[in-house]
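Values below: every heavy atom of this structure, side chains too, minus hydrogens, waters and symmetry copies.
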Amino acid sequence: METKPTEISSSKMFEGYNKRYKHFSPMLGCSMTFHIYLPPSSPSDKFPVLYWLSGLTCTDENFIAKSGAQRAASSEGVALIVPDTSPRGLNVEGEADSWDFGVGAGFYLNATEEKWKNWRMYDYVVKELPKLLSENFPQLDVSRASIFGHSMGGHGALTIYLKNLDKYKSVSAFAPIVNPINCAWGQKAFTHYLGCKKPDWEEYDATCLISKFHDVSATILIDQGEDDKFLHDQLLPHKFEEACRIAKVPLLMRLHPGYDHSYYFIATFIDDHIRHHAQALNLP
């Protein structure tokens with residue numbers, strides 16, 4: 001099976017290119033797709049990378065089509081890397097029964113329950129994908145990396161960043177699930193993927209992790225719409241804000257009246273996030 005990425009589409013945008021690739025993932029045991037937005041370049045250019053982790057039900061296509069991130073990525077000289085949200089095509093019983101678990105809902109963790117053993121999106125994002133990029137795309141400098149995401153992907157970005165402060169220069173999120181052990185989405189996913197031991201859940205909860213991994217160099221940026229229907233029962237940003245305050249972690253939490261949970265909200269503030277990361281990535 002082809003572990004090297006094969007290009008399956010390419011579209012020019014803001015003088016750079018959206019390119020979609022397919023490869024077999026030994027980590028996940030299935031074929032996976034991902035997108036790269038490559039800014040306009042000369043042969044000697046090497047770009048820092050910014051990983052985007054998408055939310056529930058998304059593929060690697062939603063962000064590329066809807067966010068408008070390419071304009072700022074092009075001008076700032078940052079490559080965008082957009083993986084999928086779960087393994088696909090494994091035909092595990094129940095994998096597609098609900099929109100908030102299984103396919104399209106990998107929660108960026110390494111499942112420990114036998115039935116879901118292929119759901120290892122944490123290792124895919126942190127280990128396998130960067131190695132694949134480094135071996136196959138000489139124009140990418142994967143040693144200069146940052147990470148951001150939306151909703152479930154915001155949860156993924158925050159937890160991955162906090163546990164790998166040596167690998168990422170900065171983190172940001174749109175409407176992240178910051179305290180999944182205390183919301184229905186997280187409790188459902190963690191029970192099935194990780195079993196019933198609560199200490200195992202805390203390893204994938206940004207609000208729990210911040211007290212352990214608080215040597216954060218760049219300010220954490222979070223944007224949250226105040227008209228987001230998931231704000232008070234699923235996202236719980238005030239819990240993370242309080243944990244950051246106690247741990248003395250620099251956090252910029254911006255609440256935006258009238259904005260919801262959608263890509264309209266993301267597209268409105270995406271340029272600020274690209275610039276936030278470009279600044280951290282281009283520091284000497």
Side-chain angles (χ1 to χ4, degrees), residues 47-55 63 67-69 71-73 75-82 108 125-126 130 141-180 202-226 228 231 235-257 259 261 265-284:
F47 297 112
V49 296
L50 176 54
Y51 295 93
W52 169 267
L53 304 184
S54 298
F63 179 77
S67 71
R71 185 194 300 267
S75 62
E76 296 286 350
V78 173
L80 303 172
I81 313 294
V82 187
Y108 306 101
V125 169
V126 174
D141 179 2
V142 296
S143 69
R144 287 190 294 149
S146 289
I147 192 164
F148 68 152
H150 170 234
S151 197
M152 174 185 75
H155 141 79
L158 289 166
T159 53
I160 284 171
Y161 172 76
L162 291 172
K163 292 204 273 190
N164 299 275
L165 291 169
D166 58 326
K167 287 189 169 76
Y168 303 96
K169 308 287 188 195
S170 52
V171 69
S172 71
F174 293 86
I177 305 169
V178 291
N179 192 201
E202 291 175 3
E203 288 301 305
Y204 296 104
D205 184 300
T207 300
C208 298
L209 291 171
I210 203 83
S211 61
K212 276 199 280 190
F213 305 103
H214 46 68
D215 189 19
V216 170
S217 53
T219 298
I220 297 171
L221 170 63
I222 293 178
D223 278 322
Q224 173 65 59
E226 288 186 342
D228 186 326
L231 174 56
L235 305 177
L236 314 175
H238 59 285
K239 301 262 194 186
F240 186 67
E241 196 167 21
E242 176 67 4
C244 285
R245 190 184 62 76
I246 292 167
K248 297 184 168 53
V249 168
L251 169 69
L252 177 56
M253 172 90 70
R254 307 192 303 185
L255 299 175
H256 302 282
Y259 285 95
H261 198 68
F265 160 61
I266 294 170
T268 302
F269 299 104
I270 193 70
D271 287 10
D272 291 349
H273 287 247
I274 303 290
R275 285 192 287 264
H276 169 79
H277 293 295
Q279 187 177 1
L281 288 164
N282 290 316
L283 288 173

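Ring geometry, His277 versus His273: the interplanar angle falls from 30° to 60°, so the pair is classed tilted.
Ring centers of Phe269 and Phe174: at least 6.0 Å apart, outside the cut-off.
For Gly225 against Phe265, the heavy-atom pair with the smallest separation is N-CZ, 3.6 Å. The two residues Asn282 and Pro48 make their nearest non-hydrogen contact at OD1-CG, 4.2 Å. Considering every non-hydrogen atom in both Ser54 and Val82, the closest pair reads OG-CG1, 4.4 Å. Taking every heavy atom of both residues into account, Val178 and Pro237 meet most closely at CG2-CA, 3.8 Å. Across all their heavy atoms, Gly149 and Ala157 have their closest contact at N-CB, 3.9 Å. Between Ala175 and Gln224 the shortest heavy-atom distance is CA-OE1, 3.2 Å.
Atom CD1 of Ile147 is separated from atom OG1 of Thr159 by 8.0 Å, given to the nearest 0.5 angstrom. To the nearest 0.5 Å, atom CD1 of residue Ile160 and atom CG of residue Leu165 are 12.5 Å apart. Atom OG of Ser67 and atom NE2 of His150 lie 11.5 Å apart (nearest 0.5 Å). Between His238 atom NE2 and Leu231 atom CG the span is 8.5 Å, to the nearest 0.5 Å. Put simply, OG on Ser146 and NE2 on His276 are 7.5 Å apart, with the number rounded to the nearest 0.5 Å. Interatomic distance, CZ of Arg245 versus CG of Leu251, reported as 12.0 Å (0.5 Å rounding).
When side chains are defined from C-beta on, Leu209 does not count as touching Thr207, because their heavy atoms never get closer than 4.5 Å. Inter-residue side-chain proximity for Ile222 and Leu158 is flagged as met; some heavy-atom pair is nearer than 4.5 Å. Side-chain atoms of Asp205 and Asn179, non-hydrogen and from C-beta on, do get closer than 4.5 Å to each other. Looking at Leu50 and Phe148, their side chains come closer than 4.5 Å, going by heavy atoms from C-beta outward. Considering only heavy atoms from C-beta on, Ile274 comes within 4.5 Å of Leu80 through its side chain. Side-chain contact between Val49 and Leu281: absent, with no pair of heavy atoms (C-beta onward) separated by less than 4.5 Å. Proximity of Ile270 to Phe63: side-chain heavy atoms (C-beta onward) are separated by under 4.5 Å at one or more points. Side chains of Ser211 and Ile246 form no contact here, defined as non-hydrogen atoms less than 4.5 Å apart.
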* Asked: Where do Leu53 and Met152 land on the side-chain contact (heavy atoms from CB on, under 4.5 Å) test, with the steps shown first?
  -> CA-CA 8 Å; Leu53 304 184; Met152 174 185 75; over 6 Å; no
* To do: Give the C-alpha distance, both sets of side-chain angles, the deciding distance and a yes or no for side-chain contact (heavy atoms from CB on, under 4.5 Å) between Asp223 and Tyr259.
  => CA-CA 10 Å; Asp223 278 322; Tyr259 285 95; over 6 Å; no
* Yes or no on side-chain hydrogen bond (donor to acceptor under 3.5 Å, both in side chains) for His261 and Ser151, after CA distance, side-chain angles and deciding distance? -> CA-CA 8 Å; His261 198 68; Ser151 197; 2.9 Å; yes
* **side-chain contact (heavy atoms from CB on, under 4.5 Å) between Trp52 and Ile266, intermediate numbers included** => CA-CA 12 Å; Trp52 169 267; Ile266 294 170; 4.3 Å; yes
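Within a 6.0 Å radius of CD in Glu226, other residues, nucleotides and ligands contribute more than 12 heavy atoms.
By the 6.0 Å and 45° rule, Lys163 does not stack over the aromatic ring of Tyr168.
Checked against salt bridge (charged side-chain N to carboxylate O under 4.0 Å, His left out), Lys212 has the following partners two or more places apart in sequence or in another chain: Glu203. Taking Asp272 as the reference, Arg254, Arg275 meet the salt bridge (charged side-chain N to carboxylate O under 4.0 Å, His left out) condition, with sequence neighbours excluded.
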